[in-house]
S.K.: 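Take a look at the following structure, please.
Proteins get letters first, then strands, A, B, ... in listed order; numbering begins at 1 in each. We use all heavy atoms of the structure for the numbers below, so side chains are in, but hydrogens, waters and symmetry mates are not.
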Amino acid sequence: VTLAELAQRFGCELRGDPGRPVARVGSLESAGPDAITFLANPALRSRLPETRAAAVILHPRFHGDCPVDALLTENPYAVYARIAGWLHPPAAPVPGVHPQATVAADAVIASSAQIDAQAVIASGAAIGDSVVVGPGCVVGAGARIGAGSRLVARVTVLDRVVLGERCLLHPGVVIGADGFGFAPDGGEWVKVPQLGSVVIGNDVDIGANTTVDRGALGDTVIEDGVKLDNLVQVAHNVHIGAHTVMAGTAAVAGSTHIGRRCMFAGGAAAIGHLRICDDVIVTVRALITRSIDTPGTYSGILPAEAAPQWRRNAIRFSQLDALADRVRALEKALEQVSGTGADTSGQRGKKND
Amino acid sequence: VTLAELAQRFGCELRGDPGRPVARVGSLESAGPDAITFLANPALRSRLPETRAAAVILHPRFHGDCPVDALLTENPYAVYARIAGWLHPPAAPVPGVHPQATVAADAVIASSAQIDAQAVIASGAAIGDSVVVGPGCVVGAGARIGAGSRLVARVTVLDRVVLGERCLLHPGVVIGADGFGFAPDGGEWVKVPQLGSVVIGNDVDIGANTTVDRGALGDTVIEDGVKLDNLVQVAHNVHIGAHTVMAGTAAVAGSTHIGRRCMFAGGAAAIGHLRICDDVIVTVRALITRSIDTPGTYSGILPAEAAPQWRRNAIRFSQLDALADRVRALEKALEQVSGTGADTSGQRGKKND
Amino acid sequence: VTLAELAQRFGCELRGDPGRPVARVGSLESAGPDAITFLANPALRSRLPETRAAAVILHPRFHGDCPVDALLTENPYAVYARIAGWLHPPAAPVPGVHPQATVAADAVIASSAQIDAQAVIASGAAIGDSVVVGPGCVVGAGARIGAGSRLVARVTVLDRVVLGERCLLHPGVVIGADGFGFAPDGGEWVKVPQLGSVVIGNDVDIGANTTVDRGALGDTVIEDGVKLDNLVQVAHNVHIGAHTVMAGTAAVAGSTHIGRRCMFAGGAAAIGHLRICDDVIVTVRALITRSIDTPGTYSGILPAEAAPQWRRNAIRFSQLDALADRVRALEKALEQVSGTGADTSGQRGKKND
């Protein structure tokens, strides 16, 4: 493929040799003369002059620094992603059912689907066009896998779960296990049957060993374009709006409704029964404990420090309420001493606010 | 089934038509005229008048608001759970070993047990009456699975693990992997063989991708009625008392002993070598760092806030020890100025307390 | 085996009967007269007098308290680990491919390797001498498993991953799933192909359900002797130096470089794109948010407290910036009142420091 073809197909302005051939992508440092690379992070601009790539995908404002041919675009990272996906596509499905797979007689498997060794597909399941069910995957009774979706390996999709088109589920993913519902009764727990299911939209990616539970009565819902990283926990009856992303080890407790285009950083979490509006960013490991109706960024971590310094501050934290009382006492005492006092009344904390 | 049968079987007082038929359960909103629903959370009382259910299971004090027939009970959620389980039972085991399962010649499989496709049962394992070993599960050498237990799919129960009766293990669960034990030796680590096992009681539920490690010398023990949610980590030689529950991503480090009827909320954790008494509640994501001998509720999170506000407070936290010293200096200075001083001496923090 | 043989083989000084036979290891409490035990933690010294073991491995300074024969060494825990591993070795591989495994025609399997039932080995994979690929494992196309490594059960090693020698991967481990890379584009996300791989050194242990993602362009690298516990998340392009250990539920975000001989306690984590030098200890659940160039211990948790006390302090935390402003106002007011003021100027916090 030539630079001219890439420029035309991906909507870039070409600066350089239209006929220059490109075979692969690479990083600014590693790309050789048959590879195209990109500059998205301005902080890496200083590395531009050393690149030996065939061309660089970059924003027009950095073109002056580029020692080789260039594809100019307003969003170089997205264009890079598309070009990389086009030059390095995933292997096309090889239609057919492996003889060491186990497929129920009444499951419906599209003729273009690939069912790998040791996969198990239960009664009534429906596997769409060009789906790949990788080795060791389990698809439960009545589950539906939409066209073009790929279960990489050892994925479990349990009974009646509905998965959209072009989804990508990584190894160890479990969709549709029972939600965690138990009724207390005299010091013991009675299981609450989890009778709902999970409904997942199109173009959803789910990372390795992530779990999405089925609903108790209604369904757990993940809308189109959602991306979940590894080891994420999505509890029963959660609703995740379209194009929301959650990084590794994020967690959402039961029945919480998360809006569209939200971003949960690694380890971020929300407790149950909340409503979080569209366009909320939760920074690393923050814990959302109240519903949010204002888009924006929410934070909640105290960064680690050298242990002796941390210990001093942590002990003070355990005395913080008493410290605040002492400040209040000082304010009162100073008022008496000075007559007029320090004018801090507008800033006084209220204990139960 | 009729309301009269349900009332009798589950010990409720019937208010309404004894012969009214019920086929299923539903939510207050979704239940139609063939379904029974429940009201457990008083906050949902306002939704009662709109229900179209055949009947509602609820506390007698809410009966006045109920527009349809009712089953009255002191614990409507537990009665609902039992009725739902009775109306919607899990599929009964289909006895037999699937031809694409692999069962060692000397494994002992009850004739009523169901062994699904791609399951592997190793030498000397014992599978009890009516057990279901789902697709892709692995049962190690000498492991024992008690009657009525169900390994849903892709569960791993390693060598010599003992699992009680009526347990439910969800996909991806790993019981009996090696505990994390390494001895430091000259900058490297020597593996400490993990020679114990895991012993799990009756009626234990374990959520998807949860891990329970085997003991180093003694066993890891999980008593009757314990319920673990998804992605929970239980380290070697932990002991979890009967009827304790742990929500998603909770974690317990090695050799910690947790009492009976404890509750760990999502992300709650305990470090190793502690003793936590019966009836302790650990709220969301709190980290227990000392043994607890007093039942009660223990907390430990700072809720997320809008990022600018959080950042201001977090910076102040990093200066908290210095702030406390400044307050102490103010107290001393004020004493000098005023003669009598502010009477805050009883509240002074001690730095190393 | 006799005490004399153990003393010679493991470099200890024998105090007692050279011919005393030893068959197994045990704990101080459980070891009977055919078992050897150890004392590593001085806090357990008081239990020495009751042991009924054949012998105790311990430091010379505790020998006076030992009522039975002893092996003296400077590092009793490491010597115990080695003796335990020698007396209780893992089962030797049983060479051969199980008839219910699935092995691609062009995979290269060492004749001494053991491939268990329901394992799947894809095209071009290379399985070294004495490797065990346990039941239900998946080895991707072109992956290489070094001699003596053991994939316990249900492990996934994806395409092109390179695993060194004598590694131990526990059930549910996923090596080489796609890193979490998506480019934002008009409110949606474009997948960034993850074209790198994972390269793992020798003597690496990885715990149950832990995930290690493949690199985006370069590789994710785990050096020799690294030990990862259960449910650990290692993101794309992370580099973990030799002999670093990470306890359960630790997490490392993308492109972070961790030095050698570091220790991450349970739940500890690092955000992305950091450099952490050799010999850094991160205590339980601390979150590293900046690069570290000084070896030492870093901390970051607030221990749980009884809920009412915690709540009071947590509310004060949300008012901490205002409290600091009030202290500043008090200092100014006191200066005016007293003339000289409290001498706290050196300790004043700066808001944006």
S.K.: Measure across T283(C) and S299(C) and return the closest heavy-atom pair with its distance rounded to 0.1 Å.
M.R.: OG1-OG, 3.0 Å
S.K.: Taking every heavy-atom pair that is under 4.5 Å apart, which of P135(A), S27(A), A314(A) has the most such pairs with chain C?
M.R.: P135(A)
S.K.: Kindly indicate whether the side chain of V133(A), heavy atoms from C-beta on, has any atom under 4.5 Å from the side chain of D116(A).
M.R.: no
S.K.: Is the shortest heavy-atom distance from the side chain of V157(C) to the side chain of L169(C) under 4.5 Å?
M.R.: yes
S.K.: Under a 4.5 Å heavy-atom cutoff, which of A253(C), G218(C), G172(C), G267(C) has the most pairs with chain A?
M.R.: G172(C)
S.K.: Let's test your reading of the structure: which of T289(C), L320(C), T294(C) forms the most heavy-atom pairs below 4.5 Å with chain A?
M.R.: T289(C)
S.K.: Check whether R82(A) gets within reach of chain C through its side chain, its backbone, both or neither, counting any heavy atom under 4.5 Å.
M.R.: both
S.K.: Taking the side chain as everything from C-beta on, heavy atoms only, tell me whether R24(A) gets closer than 4.5 Å to I36(A).
M.R.: no
S.K.: Quick one: which of V282(C), D213(C), L231(C) has the most heavy-atom pairs under 4.5 Å with chain A, could you say?
M.R.: D213(C)
S.K.: Taking side chain as C-beta onward, heavy atoms only, is L330(C) less than 4.5 Å from E331(A)?
M.R.: yes
S.K.: Looking at A101(C), A251(C), A122(C), which one has more heavy-atom pairs under 4.5 Å with chain A than the rest?
M.R.: A101(C)
S.K.: Please classify the contact between A269(C) and chain A as side chain, backbone, both or neither, with a heavy-atom cut-off of under 4.5 Å.
M.R.: both
S.K.: Sort A119(C) into side chain, backbone, both or neither according to what part of it lies under 4.5 angstrom from a heavy atom of chain A.
M.R.: backbone
S.K.: Measuring only between side-chain heavy atoms, which start at C-beta, is I288(C) closer than 4.5 Å to Y298(C)?
M.R.: yes
S.K.: As an exercise: rank D224(A), N313(A), L228(A) by heavy-atom pairs under 4.5 Å with chain C and give me the winner.
M.R.: L228(A)
S.K.: Using a cut-off of under 4.5 Å on heavy-atom pairs, state which of L87(A), D279(A), D203(A), V245(A) scores highest against chain C.
M.R.: V245(A)
S.K.: Tell me the closest heavy-atom pair linking G266(A) and V284(A), and the distance in Å.
M.R.: O-CG2, 3.3 Å
S.K.: For chain C, find which of K227(A), R154(A), E74(A), R260(A) contributes the most heavy-atom pairs closer than 4.5 angstrom.
M.R.: R154(A)
S.K.: Does any heavy atom of chain A fall under 4.5 Å from the side chain of L302(C), the backbone, both, or neither of them?
M.R.: both
S.K.: Report which part of L168(A) has an atom under 4.5 Å of a heavy atom belonging to chain C: side chain, backbone, both, or neither.
M.R.: side chain
S.K.: Which of the residues R311(C), E305(C), R290(C), Q309(C) is involved in the greatest number of heavy-atom pairs with chain A at under 4.5 angstrom?
M.R.: E305(C)
S.K.: For the residue pair F182(C) and F180(C), does the interplanar ring angle fall in the parallel (under 30°), tilted (30 to 60°) or perpendicular (over 60°) class?
M.R.: perpendicular
S.K.: Give me each pair satisfying ring-ring contact (aromatic ring centres under 6.0 Å, His included) with a member in residues 305-330 of chain A, each pair once, sequence neighbours excluded.
M.R.: W310(A)-F317(B), F317(A)-W310(C)
S.K.: Would you mind reporting whether L39(A) and L44(A) have side-chain heavy atoms less than 4.5 Å apart?
M.R.: yes
S.K.: Quiz question: by atom type and distance under 3.5 Å, do the side chains of Q100(A) and T102(C) form a donor-acceptor pair?
M.R.: yes
S.K.: Do I258(C) and V252(C) come close enough that some side-chain heavy atom pair is under 4.5 Å?
M.R.: yes
S.K.: Identify which part of I271(C) has an atom lying under 4.5 Å from any heavy atom of chain A, answering side chain, backbone, both or neither.
M.R.: side chain
S.K.: Which pair of heavy atoms, one from H236(C) and one from G179(C), lies closest together, and at what distance?
M.R.: ND1-CA, 3.6 Å
S.K.: For L158(C), is it the side chain, the backbone, both or neither that has a heavy atom under 4.5 Å from a heavy atom of chain A?
M.R.: side chain
S.K.: Which bit of M246(A) comes within less than 4.5 Å of chain C, counting heavy atoms only: side chain, backbone, both or neither?
M.R.: backbone
S.K.: Heavy-atom distance under 4.5 Å to chain A: side chain of V155(C), backbone, both or neither?
M.R.: backbone
S.K.: Please look at V212(C) and chain A and tell me whether the side chain, the backbone, both or neither of the residue comes under 4.5 angstrom of a heavy atom of that chain.
M.R.: neither
S.K.: Identify which part of V327(A) has an atom lying under 4.5 Å from any heavy atom of chain C, answering side chain, backbone, both or neither.
M.R.: both
S.K.: Below 4.5 Å, heavy atoms only, C-beta onward: do V25(A) and H88(A) meet side chain to side chain?
M.R.: yes
S.K.: Below 4.5 Å from any heavy atom of chain C, which atoms of N75(A) appear? Answer side chain, backbone, both or neither.
M.R.: side chain
S.K.: Side chain, backbone, both or neither: which part of V173(C) has a heavy atom under 4.5 Å from chain A?
M.R.: backbone
S.K.: Looking at G187(C), G296(C), G136(C), which has the largest count of heavy-atom pairs under 4.5 Å with chain A?
M.R.: G187(C)
S.K.: Which heavy atom of R285(A) sits nearest a heavy atom of R285(C), and at what distance?
M.R.: NH1-O, 2.6 Å
S.K.: Who wins among A84(A), P171(A), A153(A) for the most heavy-atom pairs under 4.5 Å with chain C?
M.R.: P171(A)
S.K.: Does any backbone or side-chain atom of L195(C) lie under 4.5 Å from a heavy atom of chain A? Answer side chain, backbone, both or neither.
M.R.: side chain
